[in-house]
Colleague: 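Dumping the structure here so I can ask a few things about it.
Just so it is clear, the model here is predicted, and its values are computed rather than measured.
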Amino acid sequence: MRLVQRGDARAFEAIYDRHGSAAFSLAYRIAGNRTQAEDIVQEAFLSVWRSSVRYQPERGNLRSWLLSVVHNRAIDSIRRSVVQTRNTVDAEGLEERKAAPELTDVEAFRREEAGRVRAAMERLPTDQLRVVELAYFGGFSHSQIAEMLGMPLGTVKGRMRLALDKMRDGLGEAVVA
């Protein structure tokens with residue numbers, strides 16, 4: 001790593017060869033998507049190259065430091081994806097708010113139901129809403145959410161259960177199953 005800190009590209013290549021597959025495995029476990037994991041690893045190694053002076057051997061070994069950089073980049077990437085998904089959902093929601101010249105019964109029911117679900121979600125506490133959004137709009141598993149939010153898996157499951165119970169009470173058993 002001292003050679004990398006001096007700008008030695010061959011030393012950097014050796015570090016990549018030695019730790020690249022572990023970095024990719026971690027990024028893939030967090031992101032769950034090959035393309036996104038590849039981007040995460042690329043960003044992480046670019047960051048390592050640019051800020052190699054931040055590595056302090058007395059604080060831990062190189063692999064641990066490198067994987068923490070990958071982990072942080074992966075979490076940042078997931079957060080960006082969640083924001084993009086939320087913005088897309090919000091933009092699609094605009095279509096629901098537009099008045100159609102002629103509403104079919106099915107369309108009218110769908111809009112009414114979507115409005116009820118949105119209203120029920122707005123009544124959820126922020127911590128429960130975040131877990132529901134990540135699971136249902138982000139497509140993340142409970143364990144991925146726990147890792148992203150840095151909380152125990154049981155806490156994520158508990159918040160999900162409480163949120164779904166509250167929504168079920170507000171909407172009726174048939175809507176949330």
Side-chain angles (χ1 to χ4, degrees), residues 19 21-44 47 60 63-100 103-177:
H19 303 289
S21 62
F24 177 79
S25 294
L26 175 62
Y28 185 77
R29 260 196 337 239
I30 294 171
N33 175 306
R34 183 176 184 79
T35 304
Q36 191 174 11
E38 290 169 350
D39 290 344
I40 290 166
V41 171
Q42 182 178 359
E43 285 179 26
S47 174
R63 187 179 192 94
S64 297
W65 178 73
L66 180 67
L67 292 179
S68 72
V69 172
V70 171
H71 180 265
N72 292 336
R73 292 289 173 165
I75 296 302
D76 291 344
S77 178
I78 296 299
R79 287 180 180 149
R80 281 191 306 269
S81 296
V82 169
V83 168
Q84 288 171 348
T85 301
R86 182 180 295 160
N87 290 341
T88 302
V89 169
D90 288 347
E92 290 171 355
L94 291 176
E95 290 298 318
E96 293 176 356
R97 295 181 198 125
K98 280 185 177 177
L103 284 178
T104 64
D105 290 340
V106 172
E107 182 65 19
F109 177 75
R110 189 186 69 75
R111 287 184 183 184
E112 179 184 325
E113 189 173 77
R116 288 179 51 216
V117 170
R118 261 193 307 281
M121 288 183 70
E122 288 171 1
R123 289 190 295 266
L124 292 176
T126 305
D127 57 343
Q128 294 172 15
L129 177 62
R130 190 168 185 199
V131 170
V132 169
E133 285 177 335
L134 289 171
Y136 288 94
F137 298 116
F140 299 107
S141 69
H142 289 134
S143 56
Q144 288 172 321
I145 294 169
E147 189 168 339
M148 285 170 46
L149 299 178
M151 62 180 58
L153 180 60
T155 302
V156 170
K157 289 181 177 183
R159 288 181 180 173
M160 181 68 72
R161 182 183 44 77
L162 288 171
L164 293 179
D165 286 347
K166 287 177 184 175
M167 290 184 69
R168 191 173 289 121
D169 290 343
L171 296 172
E173 193 80 30
V175 177
V176 180

Colleague: Does a salt bridge link Asp165 with Arg168, judged by any charged N lying under 4.0 Å from a carboxylate O?
Modeller: yes

Colleague: Show your working on side chain to side chain contact (heavy atoms under 4.5 Å, CB included) between Leu134 and Val156 and close with a plain yes or no.
Modeller: CA-CA 11 Å; Leu134 289 171; Val156 170; over 6 Å; no

Colleague: Any idea which heavy atoms bring Ala37 and Ala31 closest together, and the distance?
Modeller: N-CB, 4.4 Å

Colleague: Quick check: closest heavy atoms across Leu124 and Gln128, and the distance to 0.1 Å?
Modeller: CD2-OE1, 3.9 Å

Colleague: What's the separation between atom CD in Glu147 and atom CD1 in Ile78, rounded to the nearest 0.5 Å?
Modeller: 9.5 Å

Colleague: What do the steps show when you test Arg79 against Asp76 for side chain to side chain contact (heavy atoms under 4.5 Å, CB included), and what is the final call?
Modeller: CA-CA 5 Å; Arg79 287 180 180 149; Asp76 291 344; 4.2 Å; yes

Colleague: Could you go through Ile30 and Ile40, starting from their C-alpha distance and side-chain angles, then the distance that decides it, and tell me whether this counts as side chain to side chain contact (heavy atoms under 4.5 Å, CB included)?
Modeller: CA-CA 10 Å; Ile30 294 171; Ile40 290 166; 6.0 Å; no

Colleague: Tell me whether the count of non-hydrogen atoms from other residues, nucleotides or ligands lying under 6.0 Å of CD in Glu38 goes above 12.
Modeller: yes

Colleague: Calculate, to the nearest 0.5 Å, the distance between atoms OG and NZ belonging to Ser143 and Lys157 respectively.
Modeller: 8.5 Å

Colleague: Side chain of Gln144, backbone of Ser141: donor and acceptor closer than 3.5 Å?
Modeller: yes

Colleague: I need the minimum non-hydrogen distance between Val132 and Ala163, along with the two atoms involved.
Modeller: CG2-CB, 3.5 Å

Colleague: Is the backbone of Ser21 close enough, under 3.5 Å, to the side chain of Ser25 for a donor and an acceptor to pair up by distance?
Modeller: yes

Colleague: Nearest 0.5 Å please: distance from the CG atom of Asp169 over to the CG atom of Leu164.
Modeller: 11.0 Å

Colleague: Rounded to the nearest 0.5 Å, what's the gap from CZ on Arg130 to CE on Met160? Could you check?
Modeller: 13.0 Å

Colleague: I need the minimum non-hydrogen distance between Met148 and Ile75, along with the two atoms involved.
Modeller: CA-CD1, 3.7 Å

Colleague: Do NZ/NE/NH1/NH2 and the carboxylate oxygens of Arg118 and Glu122 come within less than 4.0 Å?
Modeller: no

